[in-house]
Amino acid sequence: MSEQNPVPADPAEDLPEQMRVRRSKRDRLLAEGVEPYPVGYPRTATLAEVRERYTDLPIDHATGDTVGVTGRVIFIRNTGKLCFATLRDGDGTELQAMLSLDRVGADSLAAWKATVDLGDLVGVTGEVITSRRGELSVLAASWQITAKALRPLPVAHKPLSEESRVRQRYVDLIVRPQARDMVRTRATVVRSLRESLHRRNYLEVETPMLQLVHGGAAARPFVTHSNALDTDLYLRIAPELFLKRAVVGGIERVFEINRNFRNEGVDSSHSPEFAMLEAYQAYADYDVMAVNTREWVQEAAYALTGSHVVTHADGTEVDLGGEWRSVTLYGVLSEALGEEVTVDTDIAVLRRHAEKHDVSADPKWGPGKLAEELFEELVVPSLQAPTFVRDYPEETSPLTRAHRDTPGLAEKWDLYVQGFELGTAYSELVDPVVQRERFAAQAVLAAGGDAEAMRLDEDFLRAMEYGMPPAGGMGMGIDRLLMALTGLGIRETILFPLVRAE
RNA sequence: GGGCCGCUAGCUCAAUGGCAGAGCUGUGGACUUUUAAUCCAUAGGUUCGGGGUUCGAGUCCCCGGCGGCCCA
């Protein structure tokens, strides 16, 4: 950064006029002994509080009450002896400030006109009145810059380009109410999830993000290095193996909401770092976790809207209430293929289906993996309403218990909504001997060049060997949940998403 | 990784291969009731970077950067 942007000899030289003007105003204030960034302002009410306190005032009315308010100047309308400014608060509330010659005097009014630009933060103290047009206003007795903005605000009436919105989210937050709403929406949903789990006696824990062995999912990790230990470390791809250690230790209901990191693609539904809820419950199974997950999502929707119906950004209403559809993987796949396939169907038959439907198949894939690919290509896009898809092939579920009835299947479901995967759950595999065999099979895949294959985690196996109770476990992407609740892209749900260097 | 589209003033966008423009913003002026105030005047450009074709390139070609969409 410092190499590419050396500080010029005269910083003002290359700046656009608008920034030069604002910098010179700052200089002038300092020269006049006026602090452009004062330590505070005697605020007696937020703009929202003023609006709440004074409703239905008559037109052109003076209350006799004095308040001190602060806000960012988003509109300015100056006339000769009377100035109007619209202030906006952090919560988006707007209130008009008025400065009149007869109230503040000629010097103060002239200073306002000469100093205050769009985007400045100001404090105004004065009487609460309504204007002749009925607009609730603070008629200034005094005013002060609380922070001089050196950069001009973008045009308030045209949307910022998508790139600017993401790269300069602080500007997006200033000018676009929906950007601020998203921050609140996300906080509401995360808080709701935490409360849902706490109500059910789950304990929240934090497990390592820097790991010696990455595990718990099929994904490429980020690699980093510890100088003190002189060893490479991985940023976690999932908290699963540590949460299970906690279950072994007797934390029977445990969850974590935090970031995972996967060194993979970046697009409208994938971010290299993403927040996830993982929860484990001893003596439960994937059926229990399905009920839990549905309730937690429904409670989050309720926290947001007061009902189970959420409204997307494009105006469509989505009803997440009631029981959710539940199907089996091979059931919906058979339906889509028009021919029954099962976990025992020969891979040659599956390959024929793949060819027929133009699904490219890696010859290294086993029948389970191929069936899953067919499912993702042919079925997933149609899964708009929340749908649990159950009973995956054991082959692709190395951390999942074998199905209690059907050999070759695993007790796993994926939850789909609006055509994308929202979450997953297992009846957890707790037999350490079988777990070791599964890891061994994964190691073969890794040796064959599969970068997503799981690594053998000896310490995790040692924990399992002390005895892990039967348990159900689930994971759900927080960003994905926000997408499902709002209909927005993942980069809109993340406050500061990763972007390439400018 | 592949294909397509885009990148022009502070912001949002125009411009048949022929003088680089508009709106808002800014600057100067007028205005004591404005609501994206209005009126008059006015400034503002490395057209993402580099190379090429051409009398002449924002525009056409090549390489690179960044972003978006679709596909894998």
Side-chain angles (χ1 to χ4, degrees), chain A residues 4 8 12-25 28 57-62 73-88 94-106 108-110 112-120 126-127 129-140 149-168 170-172 174-177 220 263-270 354 357-362 365 373 376-377 380-381 419 451 488-492 497-502:
Chain A
Q4 280 136 14
E13 215 158 75
D14 282 341
L15 293 174
E17 181 194 17
Q18 299 193 40
M19 289 179 63
R20 286 200 309 271
V21 167
R22 286 163 184 257
R23 272 172 166 71
S24 71
K25 287 180 180 178
R28 199 199 69 226
L57 289 186
I59 285 173
D60 203 11
H61 177 79
V73 177
I74 58 163
F75 296 121
I76 284 186
R77 301 169 291 277
N78 290 344
T79 69
K81 301 188 180 69
L82 183 63
C83 297
F84 301 88
T86 305
L87 306 186
R88 185 145 71 199
E94 295 174 7
L95 189 69
Q96 179 167 273
M98 293 171 64
L99 292 92
S100 74
L101 177 65
D102 53 24
R103 199 61 78 101
V104 297
S108 180
L109 190 72
W112 171 272
K113 288 188 197 176
T115 308
V116 176
D117 292 308
L118 288 180
D120 289 354
E127 186 180 0
I129 64 162
T130 57
S131 72
R132 279 181 207 162
R133 293 288 179 87
E135 184 76 31
L136 185 64
S137 309
V138 175
L139 179 60
L150 297 185
R151 289 177 182 271
L153 240 37
V155 176
H157 318 291
K158 298 273 187 181
L160 268 185
S161 68
E162 194 168 341
E163 183 171 358
S164 302
R165 295 213 311 249
V166 170
R167 283 193 187 274
Q168 295 179 258
Y170 37 89
V171 177
D172 189 30
I174 290 170
V175 299
R176 198 168 59 95
R220 292 178 195 225
N263 205 344
E264 295 172 352
V266 184
D267 62 34
S268 55
S269 64
H270 293 82
H357 290 92
D358 219 20
V359 175
S360 56
D362 189 322
W365 290 348
E373 285 296 321
E376 281 177 24
E377 288 293 320
V380 166
L488 297 171
I490 197 166
R491 275 183 307 282
E492 297 295 318
L498 182 69
V499 285
R500 219 179 279 261
E502 282 177 82

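Below, chains carry the letters A, B, ... as their sequence lines are ordered, and counting in each starts from 1. Everything quoted here is computed from the prediction, not taken from an experiment.
Side chain of A/Ser164, nearest nucleotide from B/rU33, B/rG10, B/rU12: B/rU12. Comparing B/rC11, B/rG10, B/rG67 against the side chain of A/Leu160 picks out B/rC11 as the nearest. Listed candidates were B/rU27, B/rU32, B/rG67. Nearest to the side chain of A/Asp102 is B/rU32.
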Strictly under 3.5 Å: I want the nitrogen or oxygen pairs between protein and nucleotides 36-41 of chain B, one per line.
| unit_1 | atom_1 | unit_2 | atom_2 | d |
| --- | --- | --- | --- | --- |
| B/rA36 | O4' | A/His157 | NE2 | 3.0 |
| B/rA36 | N3 | A/His157 | NE2 | 3.4 |
| B/rA37 | OP2 | A/Arg77 | NH1 | 3.0 |
| B/rA37 | N6 | A/Asn78 | O | 2.9 |

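Between the C1' atom of B/rU32 and the CG atom of A/Asp60 lies a distance of 12 Å, rounded to the nearest Å. Per the geometry, CE belonging to A/Met98 stands 13 Å off P belonging to B/rU35, to the nearest Å.
For the pair A/Arg491 and B/rG68, the criterion of a side-chain N or O lying under 4.0 Å from OP1 or OP2 is met.
Pairing partner, B/rG6: B/rC66, with both Watson-Crick or wobble hydrogen-bond distances short of 3.5 Å. Here B/rC19 sits opposite no nucleotide as a Watson-Crick or G-U wobble pair (both hydrogen-bonding atom distances under 3.5 Å).
Nucleic acid contact for A/Ser161: sugar-phosphate only, since backbone atoms but no base atoms lie under 4.0 Å from a heavy atom of the residue. Among the atoms of the strands shown, base atoms are found under 4.0 Å from some heavy atom of A/Gln18.
Side-chain atoms of A/Arg103 and A/Ser108 form no donor-acceptor pair, as typed in the model, at a separation below 3.5 Å.
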